[in-house]
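What follows is a short report on a single structure.
Because only heavy atoms are used, hydrogens play no part in the values below, and waters and symmetry mates are left out as well, while side chains stay in. Indexing begins at 1, ligand by ligand and atom by atom, following the structure's order.
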Amino acid sequence: GSEAHVEDFDFSFEGPFGSYDTNQLQRGLQIYTEVCSSCHGLKFVAFRTLHDEGGPHLPEDQMRAYAEYYEVFDEALFDGEGDFRTATPADHFPESNDPNAPDLSLMAKARAGFHGPYGTGINQLTRGMGGPEYIASLLNGYHEAPSCAPEDFDGYYNTTFAAGGYPDECKGDHGEHLYPGSWIAMAPPLYDDQLEFNDGHAADVEHMAQDVAAFLMWTAEPKMMARKQAGLTGVIFLTVLSVLLYLTNKRLWAPHK
Ligand code: HEM
């Protein structure tokens, strides 16, 4: 079929009891830093949040050292003319370097991996919105272009990316796409054993794609753990309240039965 392909990865943060895997978020941060950040930005993410519990949870000194590795432009410096200075934990990650590369802060919520069936949204109810699945699939989605495509067609063939260019030669009689996905401007950013992780985790494309997707889920939804915790507390509270109200009701009406 020609539907874009999104694989349903199992992420640790799925489900009502799911939580971010600290090691995975730290690996994702490393991949983001060493690979993605050469083009993409994370302008809505403050360095200090890298220390937050429920997030990558870097030790405070490491978070500070991480921030200091960046330079930011401070408009207040140099008598209002602005100047560069070393970043502090209160500063944000820089914006995208490459004007064509979108900011990734909220990307995991801006894209949906699962749709339908037939506009009902049932797939999203059972499997989630699929933002991180979309990102992980995209990074795993580079394949050799189908032979119908002209050699010099712009971009890289990706079976997950649906919004890119598509050669006429690969369309059917009614303009329908004969192959999944489309052509994306981003070259495949990951390759096997590109990096080494402190925790000794595998560094193949399939795993790194999931690690960086998990990290980008955290940047988009940093309070997910607190939200799930509050929801669970609420459910327990309401359950206890229901029992008490039931017993109260029984007792109040007992004399009239
Ligand atoms: C687009 C992720 C590395 C350049 C994107 C998109 C994502 C993404 C999620 C959006 C796709 C969409 O619109 O649905 C990543 C990740 C990276 C990475 C996680 C690191 C592992 C890079 C690098 C470059 C780059 C190193 C530059 C050399 C671009 C460009 C686009 C893009 C130009 C726009 C593509 C288009 O609209 O055709 N990236 N990226 N990315 N990325 Fe990356």
Side-chain angles (χ1 to χ4, degrees), residues 2-9 11 13 20-21 24-45 50 55-56 66 70 93-115 124 128-143 145 149 152-167 170 177 179-197 201-222:
S2 65
E3 283 271 292
H5 174 75
V6 175
E7 191 171 335
D8 192 358
F9 293 98
F11 284 104
F13 46 81
Y20 289 125
D21 170 348
Q24 183 173 48
L25 296 189
Q26 291 186 4
R27 293 194 301 273
L29 170 66
Q30 185 181 341
I31 299 163
Y32 175 79
T33 308
E34 296 188 26
V35 184
C36 325
S37 73
S38 60
C39 302
H40 292 276
L42 277 180
K43 64 179 175 189
F44 296 120
V45 181
L50 295 174
Y66 185 91
Y70 288 83
F93 279 83
E95 296 183 11
S96 295
N97 268 324
D98 175 344
N100 295 320
D103 190 88
L104 293 180
S105 312
L106 301 171
M107 187 58 77
K109 302 240 296 201
R111 295 287 180 275
F114 308 128
H115 306 269
Q124 294 190 337
M129 296 299 289
E133 278 86 353
Y134 172 84
I135 294 173
S137 297
L138 181 81
L139 297 171
N140 275 307
Y142 290 94
H143 295 278
D152 58 351
F153 195 75
D154 234 22
Y156 303 84
Y157 177 60
N158 187 298
T159 53
T160 301
F161 189 65
Y166 206 94
C170 298
H177 294 181
Y179 297 88
S182 66
W183 275 251
I184 187 168
M186 170 170 72
L190 297 174
Y191 55 89
D192 290 340
D193 298 317
Q194 188 171 14
L195 306 175
E196 227 175 277
F197 298 112
H201 197 273
D204 51 87
V205 172
E206 161 124 14
H207 284 102
M208 288 196 290
Q210 291 174 62
D211 292 346
V212 76
F215 171 70
L216 293 174
M217 187 67 215
W218 171 75
T219 64
E221 179 92 66

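- Neither the backbone nor the side chain of Tyr32 comes within contact range of ligand 1; no heavy atom lies under 4.0 Å.
- Thr159 has its side chain out of reach of Asn140: every pair of non-hydrogen atoms, C-beta onward, lies at least 4.5 Å apart.
- Shortest contact from atom 10 (C) of ligand 1 to any protein heavy atom: Met107 CE, 3.9 Å.
- Under 4.0 angstrom from ligand 1, the non-hydrogen atoms of Pro102 all belong to its side chain.
- Between His177 and Tyr166, the ring-plane angle classifies as parallel under the 30° and 60° cut-offs.
- Where the criterion is an N or O separation shorter than 3.5 Å, residue side chain and backbone included, Tyr134 meets it with respect to ligand 1.
- Judged purely by distance below 3.5 Å, without hydrogens or angles, the side chains of Tyr32 and Thr219 never pair a donor atom with an acceptor atom.
- Among the atoms of Leu104, none of the N or O lies under 3.5 angstrom from an N or O of ligand 1.
- Atom 27 (C) of ligand 1 has its closest protein heavy atom at Cys39 SG, 2.0 Å.
- Residue-level proximity to ligand 1 for Cys36 is carried by backbone and side chain together, each with a heavy atom below 4.0 angstrom.
- Of all protein heavy atoms, the one closest to atom 39 (N) of ligand 1 is His40 NE2, 2.8 Å.
- No N or O atom of Asp98 sits closer than 3.5 Å to an N or O atom of ligand 1.
- Below 3.5 Å of separation, one finds no N or O of Asn100 facing any N or O of ligand 1.
- Looking at Pro189 against ligand 1, only its side chain comes within 4.0 Å, counting heavy atoms.
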